[in-house]
Amino acid sequence: MRSLIVGHGGRESALGMRMSQSSTLYAFMGHVNPTLADMVLRTGGEYTIGDVCDARAIADYATEKSVDVAMVSSDNPLEAGVVDALQASGIPAVGPTRDGAEIEWNKAFSRQVVSKIEPEANPQYILVRDIDGLACAISDMSKGGRQVVIKPVGLTGGKGVKVVGPHLADNEAAYEYGSSIILSGQAGGAVIVEERIDAPEFTIQAMTDGNKVVFPPATYDYPYRYDGDSGPGTGGMGSYSMTDGLLPFLDKSTYEHACQITEDAIHYLARDGRHFTGCMNAGFFATEDGPKVIEFNSRFGDPEGLNIMTLFEGDWVDVMYAMHHGKLNDLLVPLARESSVVVYLVSPEYALKQGNPHRFSLDVNRASADGVNVYFSSACEESPGQFVTVGTSRAVAFAAHAPILADAREQVYGVIGSIVDGPLEYRKDIALI
Ligand code: GLY
């Protein structure tokens, strides 16, 4: 059995690690991710380096290697139609096609879907496609002293949403930011102006074959760069989930309500003729009036997907087949009934500015011996145990699970403190509740 993972982030490391337990792993990635390279080597597979958005090249590679099943769970490749190309080449591929993934790469479409399935779950919002309407939209949305949020309509790697207060000084700054998106034509060349909601956030990573949906524990992400949720937004500095599947601020009925909204969104896509398999990572605010949708991602969250893969106790290749053939069921997705913690180590300049490569060392075997999984992301191995960052991003994640959240947390931070050497930075308050 040959499986293919497309991508090179921590999420792909976690998925690839699971896939390697029951198949020969192949990887198509943008740089040599040390976790994936290791899994490929262990299983006798192969990897290649290329543009992970080059749908044609990926489909050709999968065909040449006689891949039996492929997994795509990364936003840009999904928008680029990698699943469409794989399927057109007859390769069973898990992940939405480009039109299924529109729920992530077009935030205007995503808001329309919520308006159809449960309008009250949308915050108030105005879609602005040209500069003339922007000032008016900001002024309307901020009536009654409300603060506004500016969201680019297209993909921004988790760094595009800016909120008046923490990120933008005032409405003038919101206008400047919104107009820069519209005028540049980047990230969809349009913005959504939304009301700011102040409520705790959580994510539901709904795994699906397009019809049946399996719900894992809710996860809590830390999107801000520094402790205490200060600093700029990032792709996520860490995350946790709890043994009871809920979160300190999340009760069962709000969790179930959010699951229902997510399932309704998946079924809406199916009715609309859009192919969606894999994972929908749905972000919500837990408000007193029920869950409000922040956004839908058409793939596992990163880091949140690492929580789920760390807890997963089944055969992920079986799950991929079941997702592809419309045969998913709960029994195929056993998850340890424990708490999980993920902490990312990042380049010092991450989310701030471009930086130079940084060298660091760590001993993956020692982490494993202490029950901690290491998932590399934007880093390459220069020599055994010696690594260098690639770009200015998240370099490597550490994950563990334990019956009690505090123990999982201690395990992760204990390993980071004892086996990593180098200038990488990380938040010290992940899962500190
Ligand atoms: N952690 C947020 C995301 O995966 O987009």
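Atoms within each ligand, like the ligands themselves, are counted from 1 in listed order. Small disclaimer: the values here were computed from a predicted structure and weren't measured. In this chain, numbering begins with 1 at the start of the sequence shown.
- Taking the centre and axis of the six-membered ring of Phe109, the NZ or CZ atom of Lys107 falls outside the cone set by 45° and 6.0 Å.
- Within the 4.0 Å heavy-atom criterion, neither part of Thr203 lies near ligand 1.
- The distance criterion of under 3.5 Å between nitrogen or oxygen atoms is not met by Glu295 with respect to ligand 1.
- Scanning all protein heavy atoms for the shortest distance to atom 4 (O) of ligand 1 gives Arg299 NH1, 2.8 Å.
- Comment: Asp264 does not engage Arg271 in a salt bridge, judged by the lack of any side-chain N to carboxylate O separation of less than 4.0 angstrom.
- Of the residues listed (Val94, Thr208, Val69), the one engaging Met323 in a side-chain contact (heavy atoms from CB on, under 4.5 Å) is Val94, and it is the only one.
- The distance from ligand 1 to the heavy atoms of Glu304 drops below 4.0 Å at these ligand atoms: 1 (N), 2 (C), 4 (O).
- A salt bridge links Glu194 with Arg111; the closest basic N to acidic carboxylate O contact falls under 4.0 Å.
- For ligand 1, the atoms closer than 4.0 angstrom to any heavy atom of Asn297 are 3 (C), 5 (O).
- Every N/O-N/O distance between Arg11 and ligand 1 stays at or above 3.5 Å.
- Seen from the ring of Tyr344, Arg394 counts as a face-on cation partner, given the 6.0 Å and 45° thresholds.
- Classification of Asp330 and Lys212 as a salt-bridged pair holds, one side-chain N sitting under 4.0 Å from a carboxylate O.
- By the 4.0 Å N-to-carboxylate-O rule, Arg196 lies close enough to Asp198 to be salt-bridged with it.
- For ligand 1, the polar-atom distance check against Gly235 finds a nitrogen or oxygen pair separated by under 3.5 Å.
- Below 4.0 Å from some heavy atom of Asp221 lie the following atoms of ligand 1, by number and element: 1 (N), 2 (C).
- Close approach to Gly301 involves these atoms of ligand 1, each under 4.0 Å from a residue heavy atom: 4 (O).
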